[in-house]
**Student:** 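Quick one: structure below, then a few questions.
As the structure is a computational prediction, the values presented were derived from the model and not from experiment. We name chains A, B, ... by the order of the sequence lines, and we start the count at 1 in each one.
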There are 2 protein chains.
Amino acid sequence: MPRATTTSDVFNAVAETKRREILSFLVGSERSVGDIVDALSLGQPSVSKHLKVLHEVGLVTRRRDGRRILYSVDAEAIRPLHEWTETFRRHWRHQLDRIKQRAENRPSSERKDE
Amino acid sequence: MPRATTTSDVFNAVAETKRREILSFLVGSERSVGDIVDALSLGQPSVSKHLKVLHEVGLVTRRRDGRRILYSVDAEAIRPLHEWTETFRRHWRHQLDRIKQRAENRPSSERKDE
DNA sequence: ATATCACATTCCGTTAACGGAATGTGTCAA
DNA sequence: TTGACACATTCCGTTAACGGAATGTGATAT
């Protein structure tokens with residue numbers, strides 16, 4: 001069995017650095033393919049292929065504007081990733097708390113924030 | 001240029017479903033390789049190889065206990081992933097806010113479907 | 001020492017991704 | 001229509017991941 005397809009889920013889609021860069025570049029604004037090509041150091045075909053992957057997993061939406069096609073992020077599609085990391089969030093907090101406690105040589109104190 | 005290595009960063013390491021399952025299984029408790037093999041439906045060599053990848057990117061730590069080796073999650077290593085998703089968090093929140101506002105501003109004048 | 005347990009590593013065949021070059025498709029202007 | 005522009009798709013060679021089988025390594029028990 002080979003590696004999973006890049007379009008199998010969001011995790012595989014954002015595994016590629018260039019695709020993450022595209023998403024970061026796209027945050028909060030519509031951008032044409034040409035804009036992205038200029039922003040990243042990549043050829044136009046490669047950018048189009050990355051955008052295709054991102055579109056297939058729902059991370060970006062397209063809109064035609066004359067000859068150009070404008071892409072936007074659909075942030076909602078990133079939620080599964082965010083929620084998966086949330087599972088581990090309290091654990092790294094607890095680790096930090098324990099480290100702090102040892103460093104300060106104090107008994108445990110409750111932390112309540114959120 | 002081929003695909004990035006699974007050990008190149010955390011994003012590539014967690015792209016694989018089985019590795020995410022291992023991490024989820026490992027949350028909050030030390031587990032031996034045998035425990036993981038029993039929990040997932042995978043051969044022992046495959047599990048060991050996945051653990052090697054996770055260890056190389058710092059997502060898990062090892063400890064020997066007699067003949068066995070116990071693995072734990074180092075949740076801290078997941079933070080980069082979490083923080084990257086945080087960039088997009090407020091954007092999907094804004095989307096939800098807009099949906100809520102529409103629902104509140106037009107109490108009963110808009111009925112969809114049925 | 002030897003057998004056994006628990007795990008790591010190597011070898012193998014299959015499969016897919018990546019960038020670049022070439023080519024295809026659709027839109028606008030004259 | 002013709003040509004130019006903006007982007008998508010196809011073809012290609014290179015590279016690495018995946019699981020399973022076989023094998024290697026280290027620790028315990030007798």
Side-chain angles (χ1 to χ4, degrees), chain A residues 1-23 25-26 29-73, chain B residues 1-23 25-26 29-73:
Chain A
M1 197 181 279
R3 196 185 246 189
T5 309
T6 55
T7 54
S8 54
D9 53 53
V10 181
F11 288 90
N12 282 277
V14 304
E16 194 68 14
T17 309
K18 299 294 185 182
R19 284 196 285 268
R20 289 199 301 278
E21 289 178 7
I22 290 175
L23 290 174
F25 181 68
L26 247 42
S29 57
E30 278 185 326
R31 302 284 194 172
S32 71
V33 178
D35 290 343
I36 301 170
V37 170
D38 293 342
L40 315 189
S41 34
L42 252 184
Q44 174 265 313
S46 293
V47 170
S48 285
K49 279 179 273 188
H50 282 312
L51 287 168
K52 185 180 185 182
V53 172
L54 294 173
H55 186 255
E56 283 189 46
V57 297
L59 279 164
V60 298
T61 55
R62 301 192 254 230
R63 182 172 74 83
R64 189 170 264 288
D65 174 42
R67 309 182 191 181
R68 304 181 306 162
I69 298 184
L70 301 179
Y71 282 84
S72 320
V73 178
Chain B
M1 198 180 280
R3 194 185 247 189
T5 309
T6 56
T7 54
S8 54
D9 54 52
V10 180
F11 288 91
N12 282 278
V14 303
E16 193 68 14
T17 308
K18 298 296 185 181
R19 284 195 285 266
R20 289 199 301 278
E21 290 178 7
I22 290 174
L23 290 174
F25 180 68
L26 246 42
S29 56
E30 278 185 325
R31 302 285 194 172
S32 70
V33 178
D35 291 342
I36 300 170
V37 170
D38 293 343
L40 316 188
S41 34
L42 253 183
Q44 174 264 312
S46 293
V47 169
S48 284
K49 278 180 274 188
H50 283 312
L51 288 169
K52 186 181 184 180
V53 172
L54 294 172
H55 186 255
E56 282 189 48
V57 297
L59 280 164
V60 298
T61 55
R62 300 191 254 231
R63 182 172 74 84
R64 188 170 265 287
D65 175 42
R67 309 183 190 180
R68 305 181 306 163
I69 298 184
L70 301 179
Y71 283 85
S72 321
V73 178

**Student:** Measuring from the side chain of B/Arg19 (C-beta onward, heavy atoms only), which nucleotide among C/dA17, D/dC18, D/dC7 has the closest atom?
**Tutor:**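 Out of C/dA17, D/dC18, D/dC7, the nucleotide with an atom closest to B/Arg19's side chain is D/dC18.
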**Student:** Taking for each residue the nucleotide of DNA chain D with the nearest heavy atom, is it A/Met1 or A/Val33 whose nucleotide lies nearer the 5' end?
**Tutor:**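 With A/Met1 and A/Val33 compared, the 5'-side residue is A/Val33.
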**Student:** Taking C-beta and beyond as the side chain, do B/Val53 and B/Arg19 meet within less than 4.5 Å on heavy atoms?
**Tutor:**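 Yes. Closest side-chain heavy atoms under 4.5 Å.
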**Student:** Have B/Thr61 and B/Arg63 got a donor and an acceptor in their side chains that come within less than 3.5 Å?
**Tutor:**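 Side-chain D/A pair, B/Thr61 to B/Arg63: absent.
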**Student:** Are the side chain of A/Arg31 and the backbone N or O of A/Tyr71 linked by a donor-acceptor pair below 3.5 Å?
**Tutor:**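 The answer is no, because no donor-acceptor pair under 3.5 Å joins these two groups.
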**Student:** Look at A/Ser32 and D/dC7 and indicate whether a side-chain polar atom (N or O) is within less than 4.0 Å of OP1 or OP2.
**Tutor:**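 Yes.
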**Student:** Which nucleotide sits closest to the side chain of A/Arg67: C/dT10, C/dT27, D/dA8?
**Tutor:**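 Of the options given, the side chain of A/Arg67 lies nearest C/dT27.
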**Student:** Is the phosphate of C/dG19, meaning OP1 or OP2, less than 4.0 Å from a side-chain N or O of A/His50?
**Tutor:**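 Looking at the OP1 and OP2 atoms of C/dG19, one of them is under 4.0 Å from a side-chain N or O of A/His50.
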**Student:** For B/Ile36 and D/dG19, what is the distance between atoms CD1 and C1' respectively, to the nearest whole Å?
**Tutor:**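 Between C1' of D/dG19 and CD1 of B/Ile36: 17 Å.
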**Student:** Of all the choices, C/dG20, C/dT9, C/dC18, which nucleotide is nearest to the side chain of A/Leu42 once you look at every atom?
**Tutor:**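 Shortest atom-to-atom distance from the side chain points to C/dG20.
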**Student:** Output the single nucleotide from D/dC18, C/dC18, C/dT9 whose closest atom is nearest the side chain of B/Lys52.
**Tutor:**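 So the side chain of B/Lys52 is nearest to C/dT9.
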**Student:** Between the base of C/dG20 and the side chain of A/Lys49, is there a donor and acceptor pair under 3.5 angstrom?
**Tutor:**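 By the distance-only test, yes, there is a pair.
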**Student:** Please determine, by modelled atom types, if A/Ser48 and A/Gln44 share a side-chain donor-acceptor pair under 3.5 angstrom.
**Tutor:**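 Present: a donor and an acceptor within the cut-off.
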**Student:** Would you give the length of the straight line joining atom CZ of B/Arg62 to atom OG of B/Ser72, rounded to the nearest 0.5 angstrom?
**Tutor:**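 Interatomic distance, B/Arg62 CZ to B/Ser72 OG, rounded to 0.5 Å: 12.0 Å.
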**Student:** Rounded to the Å, how far apart are A/Leu70 CG and D/dA6 P?
**Tutor:**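 To the nearest whole Å, that distance equals 13 Å.
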**Student:** Taking only side-chain nitrogens and oxygens of B/Tyr71, does any of them come within less than 4.0 Å of OP1 or OP2 of C/dA6?
**Tutor:**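 Answer no for this pair, as no side-chain N or O of B/Tyr71 is under 4.0 Å from OP1 or OP2.
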**Student:** Between D/dC18, C/dG19, D/dC7, spot the one nearest the side chain of B/Glu16, thanks.
**Tutor:**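 Nearest listed nucleotide: D/dC18.
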**Student:** Counting side-chain heavy atoms from C-beta on, which of C/dT9, D/dA6, D/dG19 comes nearest to B/Pro45?
**Tutor:**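 The listed nucleotide nearest to B/Pro45's side chain is C/dT9.
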**Student:** So which nucleotide from D/dG19, D/dC18, D/dC7 ends up closest to the side chain of A/Ile69?
**Tutor:**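 Selected nucleotide: D/dC7.
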**Student:** Enter the distance from B/Leu70:CG to B/Leu26:CG here, rounded to the nearest 0.5 Å.
**Tutor:**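 Here the interatomic distance stands at 9.5 Å.
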**Student:** Calculate the interatomic distance between A/Leu51 atom CG and C/dC18 atom C1'; express it in whole Å.
**Tutor:**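 So the CG-C1' distance, A/Leu51 to C/dC18, works out to 15 Å.
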**Student:** I need the CZ-P distance between B/Arg63 and C/dC7, as an integer number of Å.
**Tutor:**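 Distance check: B/Arg63 CZ to C/dC7 P gives 13 Å.
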**Student:** Using OP1 and OP2 only, check whether a side-chain N or O of B/His55 sits under 4.0 Å from C/dA8.
**Tutor:**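 Result: no.
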**Student:** Starting from P on C/dA17, measure out to CG on A/Asn12 and report it in whole angstrom.
**Tutor:**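 Going from CG in A/Asn12 over to P in C/dA17 covers 9 Å.
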**Student:** Would you mind reading off the distance between A/Leu40 atom CG and D/dC7 atom P, rounded to a whole angstrom?
**Tutor:**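 Taking CG of A/Leu40 and P of D/dC7, I get 14 Å after rounding.
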**Student:** If you check the A/Arg62 side chain, which of D/dA8, D/dA17, C/dA6 turns out closest?
**Tutor:**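 My answer, after comparing the listed nucleotides, is D/dA8.
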**Student:** With heavy atoms under 4.0 Å as the rule, sort B/Thr6 into base, sugar-phosphate or nothing.
**Tutor:**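 Here B/Thr6 touches the backbone only, sparing every base.
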**Student:** Report the nucleotide, chosen from C/dA17, C/dT27, C/dC7, that has the shortest atom-to-atom distance to any side-chain atom of A/Arg64.
**Tutor:**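 Nearest listed nucleotide: C/dT27.
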**Student:** To the side chain of A/Thr5, which of D/dC18, C/dC11, C/dA17 is closest?
**Tutor:**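 Comparing D/dC18, C/dC11, C/dA17 against the side chain of A/Thr5, the answer is C/dA17.
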**Student:** Roughly how many Å is it from CD in A/Glu21 to P in C/dC18, rounded to a whole number?
**Tutor:**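 So the CD-P distance, A/Glu21 to C/dC18, works out to 13 Å.
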**Student:** Mind calculating the distance between CG (B/Asp9) and P (D/dA16) to the nearest angstrom?
**Tutor:**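 From B/Asp9 CG to D/dA16 P: 15 Å.
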**Student:** Assuming nearest nucleotide by heavy-atom distance, tell me which of A/Pro2 and A/Gln44 is located more 5' along DNA chain C.
**Tutor:**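 Of the two residues, A/Pro2 wins.
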